[in-house]
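Throughout, protein chains are lettered first and strands after them, A, B, ... in sequence-line order, and every chain is numbered starting at 1.
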Protein chains: 2
Amino acid sequence: MMVPIVGSSEAEGSQDDAGEAGVRLRWRRGQSLLLRDIDDDTVFLVEGGCLTCDAPVAAGRRHVLLVLFPGDVLCRRFVPPLPDLQMTSAASSVVLRVRRRESGGGKSGVQSHVLDVAAGAAQLLTRSCFYATARGRLSAEECLATLLADMALRLGRTTPGGYAFDVPLSRRDMADYLALNPDSLSRMMSRFKQSHLIVMPTRTRAIARDIDALIAATPFGETLRDLAAARGQVAQA
Amino acid sequence: MMVPIVGSSEAEGSQDDAGEAGVRLRWRRGQSLLLRDIDDDTVFLVEGGCLTCDAPVAAGRRHVLLVLFPGDVLCRRFVPPLPDLQMTSAASSVVLRVRRRESGGGKSGVQSHVLDVAAGAAQLLTRSCFYATARGRLSAEECLATLLADMALRLGRTTPGGYAFDVPLSRRDMADYLALNPDSLSRMMSRFKQSHLIVMPTRTRAIARDIDALIAATPFGETLRDLAAARGQVAQA
DNA sequence: CGGTCCATTGACATCTTTCAAGGCTTGTGG
DNA sequence: CCACAAGCCTTGAAAGATGTCAATGGACCG
């Protein structure tokens with residue numbers, strides 16, 4: 001499904017006033033917003049779904065700088081001034097747009113938002129460094145295992161059939177995030193499926209019969225567990 | 001020169017009390033500090049030199065997650081909990097160690113430090129994303145040109161012979177940062193020297209006869225200029 | 001002045017990308 | 001409800017880029 005993009009490809013999803021807190025935006029997959037003209041004081045808080053922060057690089061190539069999950073915060077200042085940098089909805093998403101200076105109004109309101117933004121930047125920085133290390137020093141297959149294990153720990157839960165989780169990113173999104181090309185990534189996914197590491201009943205749904213095996217498929221499995229624990233999540237096999 | 005590492009390879013450079021502001025550490029090239037046991041409230045402010053935040057990955061491999069320049073700020077929370085993650089002095093460096101809660105004491109002191117740390121995180125995040133994009137979607141040669149142009153804009157100045165700048169990172173540091181291997185990187189450096197893009201009178205010193213040509217060697221040249229301008233630096237050819 | 005790192009270079013192996021074709025999903029309209 | 005169209009995904013073979021291994025040379029410190 002291709003969402004028609006109007007004008008400067010600005011996202012035009014439905015929105016409603018969330019009162020003092022800002023404006024709540026509802027985007028469908030594929031809708032995007034150019035960050036070029038976003039104010040430095042505008043803060044986006046992801047409430048649901050999954051988004052990417054991405055930019056076109058050279059001819060026909062794209063790079064996903066960040067993948068945003070619920071709870072993540074994004075400001076214009078967090079990302080480099082690359083041309084045509086945008087925020088794109090990878091799946092149906094809900095985003096709260098807040099203006100930093102306006103938020104709260106009272107003293108405690110401002111203070112808490114300053115802290116939120118700082119913590120959000122630290123969290124994204126941690127993740128950015130983590131994936132940079134994975135991309136740089138792991139094989140493509142280990143790299144993909146890292147991403148799958150990360151999504152499993154974030155979005156999954158135990159079911160009778162195994163540890164089930166959504167895969168909100170398309171093959172192309174994953175490839176652009178891991179700096180691979182979609183063809184290579186597809187081959188690796190096939191290999192994982194052949195080795196029964198994961199099963200994919202649909203294109204956006206995955207089941208790991210043995211979550212520990214999936215986590216063990218990446219050299220950074222323990223680090224992923226630590227990060228999940230820091231978020232207050234625990235993976236029980 | 002190999003610096004003797006004691007105990008848990010903790011850096012033991014000279015230090016002096018910088019009063020209320022914290023402790024000033026002076027490190028020589030190669031000295032390092034394990035981040036594992038660093039308190040979450042400890043903040044490092046780089047005053048001079050150049051450091052890396054790096055971690056060993058698998059057998060004999062290392063990755064440089066961040067390169068820190070004067071003005072940069074680092075907290076434990078900024079980086080993922082990889083085993084044996086450390087801060088290493090790439091050149092002689094001066095680092096101010098501050099405890100966040102202690103600093104200032106007065107209300108304004110705390111507030112200003114909160115803001116510093118937030119801005120520092122945003123700045124490092126910007127750089128991390130930028131280099132992730134470069135590594136992912138640029139050729140190895142463009143990637144190296146990006147790093148050299150970045151260092152030139154940060155550390156260089158116009159001289160009679162051209163635009164001269166220090167290269168505080170060793171070949172291996174650069175390779176580990178760009179996710180290349182030192183051999184490949186060395187070959188590319190040789191190619192740059194052959195094409196007269198840069199001249200290196202010593203191992204740690206470079207001169208670009210034409211800084212614009214160096215900046216034009218990377219597709220992200222304009223973005224580097226924008227970032228330099230945001231730091232208040234201007235490159236005059 | 002010798003030991004240690006660090007840097008350079010060549011030949012070869014390997015992994016990933018590229019290009020192209022075909023099948024599968026999903027949404028749309030008759 | 002079915003047929004169609006547009007993306008998205010999958011797969012193969014060949015090409016290209018970077019990595020690996022090994023040997024040599026050079027710089028710096030004690």
Side-chain angles (χ1 to χ4, degrees), chain A residues 1-5 28-31 57-63 88 90-92 134-144 167-194 198-206, chain B residues 1-5 28-32 52 57-63 88-92 134-145 167-194 198-206:
Chain A
M1 176 203 68
M2 190 58 199
V3 177
I5 300 294
R28 291 190 301 166
R29 163 166 171 65
Q31 290 188 293
V57 177
R61 316 196 69 165
R62 185 180 79 130
H63 188 73
T88 305
S92 295
R135 280 184 290 252
R137 291 302 179 215
L138 264 40
S139 72
E141 202 160 318
E142 291 171 330
C143 207
L144 175 57
V167 181
L169 300 177
S170 71
R171 299 284 186 275
R172 193 184 156 219
D173 287 333
M174 286 195 277
D176 289 343
Y177 187 41
L178 300 180
L180 301 168
N181 69 28
D183 304 288
S184 300
L185 189 126
S186 189
R187 264 182 275 268
M188 286 159 200
M189 288 292 280
S190 300
R191 244 175 281 159
F192 283 158
K193 285 184 271 188
Q194 272 172 31
I198 57 168
V199 180
M200 297 200 69
T202 76
R203 211 176 266 181
T204 61
R205 188 92 187 149
Chain B
M1 176 205 69
M2 190 58 200
V3 176
I5 299 295
R28 290 189 301 166
R29 162 165 172 68
Q31 290 188 291
S32 62
T52 64
V57 176
R61 316 196 68 164
R62 185 181 80 130
H63 187 72
T88 306
S89 192
S92 294
R135 279 184 289 252
R137 291 301 179 216
L138 262 41
S139 71
E141 203 160 317
E142 291 171 330
C143 208
L144 175 57
V167 182
L169 300 176
S170 71
R171 299 285 186 274
R172 192 186 157 217
D173 288 334
M174 288 195 276
D176 288 345
Y177 187 42
L178 301 181
L180 300 167
N181 70 30
D183 303 289
S184 299
L185 189 127
S186 190
R187 264 182 274 270
M188 285 158 202
M189 288 293 279
S190 300
R191 244 175 282 158
F192 283 159
K193 285 184 270 189
Q194 271 172 30
I198 56 169
V199 180
M200 298 200 67
T202 77
R203 209 177 269 180
T204 61
R205 187 93 187 149

Legend entry - Distance, rounded to the nearest Å, where B:Phe192 contributes CZ and C:dA7 contributes P: 17 Å

Legend entry - Test: B:Asp183 and B:Arg187 ion pair at under 4.0 Å: no

Legend entry - Under 4.0 angstrom between B:Ser190 side-chain N/O and C:dT8 OP1 or OP2: no

Legend entry - Side chain of B:Asp183 (C-beta onward), nearest among C:dT16, D:dT10, C:dT9: C:dT9

Inset, instruction - Could you tell me the separation between the CE atom of B:Met189 and the P atom of C:dA7, rounded to a whole number of Å? - result: 9 Å

Inset, instruction - Establish, with yes or no, whether the OP1 or OP2 oxygen of C:dG27 is under 4.0 angstrom from a side-chain nitrogen or oxygen of A:Arg28. - result: no

Inset, instruction - Let me know the distance between CG of B:Leu144 and C1' of D:dT18, rounded to the nearest Å. - result: 14 Å

Legend entry - Straight-line distance of B:His63 NE2 to B:Thr52 OG1, nearest 0.5 Å: 10.5 Å

Inset, instruction - Let me know the distance between CD of A:Glu141 and P of C:dT14, rounded to the nearest Å. - result: 17 Å

Inset, instruction - Indicate, with a heavy-atom threshold strictly under 4.0 Å, whether B:Ala175 touches base, sugar-phosphate, or nothing. - result: nothing

Legend entry - Separation of C:dT25 P from A:Arg205 CZ (nearest whole Å): 18 Å

Inset, instruction - Grab the CG-C1' distance between B:Asn181 and C:dT8 for me, whole Å please. - result: 13 Å

Inset, instruction - By nearest nucleotide on DNA chain C, pick out whichever of A:Arg203 and A:Leu180 is the more 5' one. - result: A:Leu180

Inset, instruction - Kindly give the heavy-atom pair with the smallest separation between B:Asn181 and B:Ala175, and that separation in Å. - result: C-CB, 3.7 Å

Inset, instruction - Would you name the heavy atoms of A:Met174 and A:Leu169 that are closest together and state the gap between them? - result: CG-CB, 3.7 Å

Legend entry - Length of the line joining A:Leu185:CG and C:dT17:C1', which is rounded to integer Å: 13 Å

Legend entry - Touch class at under 4.0 angstrom, heavy-atom based, for B:Thr202 against every strand present: nothing

Inset, instruction - Look at the side chain of B:Arg61 and the base of D:dG19, then say whether one donor and one acceptor between them are separated by less than 3.5 Å. - result: no

Inset, instruction - State whether B:Arg171 places a side-chain N or O below 4.0 Å from either non-bridging phosphate oxygen (OP1 or OP2) of C:dT8. - result: yes

Inset, instruction - Report which part of the nucleic acid B:Ser186 touches: base, sugar-phosphate, or nothing (heavy-atom distance under 4.0 Å, all strands). - result: base

Legend entry - Closest non-hydrogen atom pair, A:Ala179 against B:Gly136: CB-CA, 3.5 Å

Inset, instruction - Whole angstrom is fine here: how far is it from CZ in B:Arg191 over to P in C:dA7? - result: 18 Å

Inset, instruction - Could you tell me whether B:Arg187 contacts a base, only the sugar-phosphate backbone, or nothing, with contacts defined as non-hydrogen atoms closer than 4.0 Å? - result: base

